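Step one of this worksheet: look at the structure below.
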Protein chains: 2
Amino acid sequence: MADVTQGRPYHHGNLRAALLDAAERVLRERGVDQLSLRELAKETGVSHAAPRRHFPDRQALLDALAEAGFAQLDTALRSALANAGDDFPARARAAATAYTRFATENAALLELMYTSKHRPGATRIVKAAEAPFGLLNALIVQGQERGELQAGDPERIGIVLFATLQGIASIINGNIVKPELRDGLVEAAVDQFLRGTRPLP
Amino acid sequence: MADVTQGRPYHHGNLRAALLDAAERVLRERGVDQLSLRELAKETGVSHAAPRRHFPDRQALLDALAEAGFAQLDTALRSALANAGDDFPARARAAATAYTRFATENAALLELMYTSKHRPGATRIVKAAEAPFGLLNALIVQGQERGELQAGDPERIGIVLFATLQGIASIINGNIVKPELRDGLVEAAVDQFLRGTRPLP
DNA sequence: GGAGAATGTTGTCATGGACTACAAAGTAGT
DNA sequence: ACTACTTTGTAGTCCATGACAACATTCTCC
């Protein structure tokens, strides 16, 4: 018998996506450990066991969030680069700013992304992470081709800059420095990187 | 009636410290969310409600762990600096290495330290954090006094380096780069910092 | 339109945090 | 050393939540 008391039919129709939406909001507002499947179910208007059809356990939902997070990050980076013109330093600054911005505006999500990623068996997440990381790698290669960066393994070249960006996000999220300083710090870090990694004349 | 079946008298005698010890071990081995008060109680040989006398709730125990963590960090930094001789670059490298080492060898604890610290009302933790942070600040001031670093607000000067160290730890803990690279990355970061922050001639 | 797959629901268990009432041991004042 | 008070531990309970099983409804495709 169909439920007439509520508007929703027996099948939700889009429960998986609805749960992920709600989860992302709760994650942002109250952090991972305040995220409960039963609460998500209640908010979404389904029974407490319904989420199980889409996510075998809590971790599976967190993994899905992480995977989606990498896709969002990829989009953010692509869009920043698309609007950055052709000048290499400008492209580097744009990507760095976009990354750090994402990292501070989605602090809990980013943390989840990295902790989920390095759990054994998280192949889907690792796969999803390749897109944004590949983008950054390609940017370094581009800098090398244009003679703005030293030659060598792009990953090794970029890692200190990436670490610095990650660190800037980390100390902002940890309230060690004020969020307003973010973009200034990023610019300083990128400039220092560009100077320190210039090819020898 | 005293309990004769076990060696322990009714009062444990050192329960608070015993719980913290066990907690630190569990934190290291299995992460924060696997840390349960009831399990700690069982391991310590007391009833499930005993921890409550020393820690009103789970968060209070985590806070105590974080506070102790800052003290450990302070000790690690002091000891590194004590063995570092007088040369400023060497002292900077020593402190940077010690920090990053602590951060990678106590990953879960460090995360706890920062997340606990920026929770409203965590005055004790903020207080405990001042010791190691003050040490790093003093190091920068020393570098300035010796003419090895630009003048200016020491906090602002040091922040990019600190961010980089934090980021190196972060990407190692997140399995983005291999742990063996740690000390090399730190040296590179410090050298870059020293070059980039030299006073103008 | 009927069979089987998807998707939801109800009911249950185990774990673990939080709380209360009570018990034992320590401590201090007389 | 007796008593009153404090500290520390115990036993029992409640509640939230994740995990699971058994059953119900709807969808889909032949």
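This one's a predicted model, so the numbers in the text were calculated from it and none came from an experiment. Throughout, protein chains are lettered first and strands after them, A, B, ... in sequence-line order, and every chain is numbered starting at 1. Only heavy atoms go into these numbers, but all of them, side chains included; no hydrogens, no water, no symmetry mates.
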Open item on the list: Just to be sure I understand the rule, does L40(A) reach a base, reach only the sugar-phosphate, or reach nothing, if contact means heavy atoms closer than 4.0 Å?
Closed with: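 If one applies the 4.0 Å heavy-atom cut-off, L40(A) turns out to touch nothing in the nucleic acid.
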- [ ] Select base, sugar-phosphate, or nothing to describe what R38(B) touches, counting heavy atoms under 4.0 Å on all strands.
- [x]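 Base contact.
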If I take atom [atom1] in residue [X] and atom [atom2] in nucleotide [N], what distance separates them, rounded to the nearest angstrom?
| X | N | atom1 | atom2 | value |
| --- | --- | --- | --- | --- |
| L15(B) | dG9(D) | CG | P | 5 Å |
| L19(B) | dT8(D) | CG | C1' | 12 Å |
| L61(A) | dA19(D) | CG | C1' | 15 Å |
| Q34(B) | dG17(C) | CD | P | 11 Å |
| E39(B) | dA14(C) | CD | C1' | 15 Å |
| H54(B) | dT8(D) | NE2 | C1' | 6 Å |
| L62(B) | dG16(C) | CG | C1' | 14 Å |
| K42(A) | dC15(D) | NZ | C1' | 12 Å |

Open item on the list: When you compare the side chains of R182(A) and T100(A), does any donor N or O come within less than 3.5 Å of an acceptor on the partner?
Closed with: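 There is no such pair between these side chains.
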Task: Exercise: do Q142(B) and R91(B) side chains pair donor with acceptor under 3.5 Å - done: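 Yes - a donor-acceptor pair under 3.5 Å links their side chains.
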Examine [N]: is either OP1 or OP2 under 4.0 Å from a nitrogen or oxygen in the side chain of [X]? Give yes or no.
| X | N | answer |
| --- | --- | --- |
| S36(B) | dT15(C) | no |
| H48(B) | dT15(C) | no |
| R52(A) | dC20(D) | yes |

Open item on the list: Go nucleotide by nucleotide along DNA chain C from the 5' end; which of L35(B) and S47(A) gets its closest nucleotide reached first?
Closed with: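 Its nucleotide being nearer the 5' end, the pick is S47(A).
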TODO: Evaluate the criterion salt bridge (Lys or Arg N to Asp or Glu O under 4.0 Å) for residue pair D191(B) and R93(B); output intermediate values, then yes/no.
DONE: CA-CA 8 Å; D191(B) 289 350; R93(B) 265 190 292 272; 2.9 Å; yes
TODO: When you get a sec, tell me which of dA19(D), dG17(C), dG9(D) is the closest nucleotide to the side chain of R58(B)?
DONE: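 Per side-chain heavy atoms of R58(B), the pick is dG17(C).
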- [ ] Can you figure out which of dA19(D), dT10(D), dA18(C) approaches the side chain of V46(B) most closely?
- [x]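 For the V46(B) side chain, the nearest candidate turns out to be dT10(D).
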Task: E43(A) vs R25(A), salt bridge (Lys or Arg N to Asp or Glu O under 4.0 Å): CA-CA, chis, key distance, verdict - done: CA-CA 12 Å; E43(A) 279 186 23; R25(A) 191 173 40 68; 2.5 Å; yes
Task: Check: Q144(A) side chain, Q150(A) main-chain N or O, donor-acceptor pair, under 3.5 Å - done: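 The answer is yes, because a donor-acceptor pair under 3.5 Å joins these two groups.
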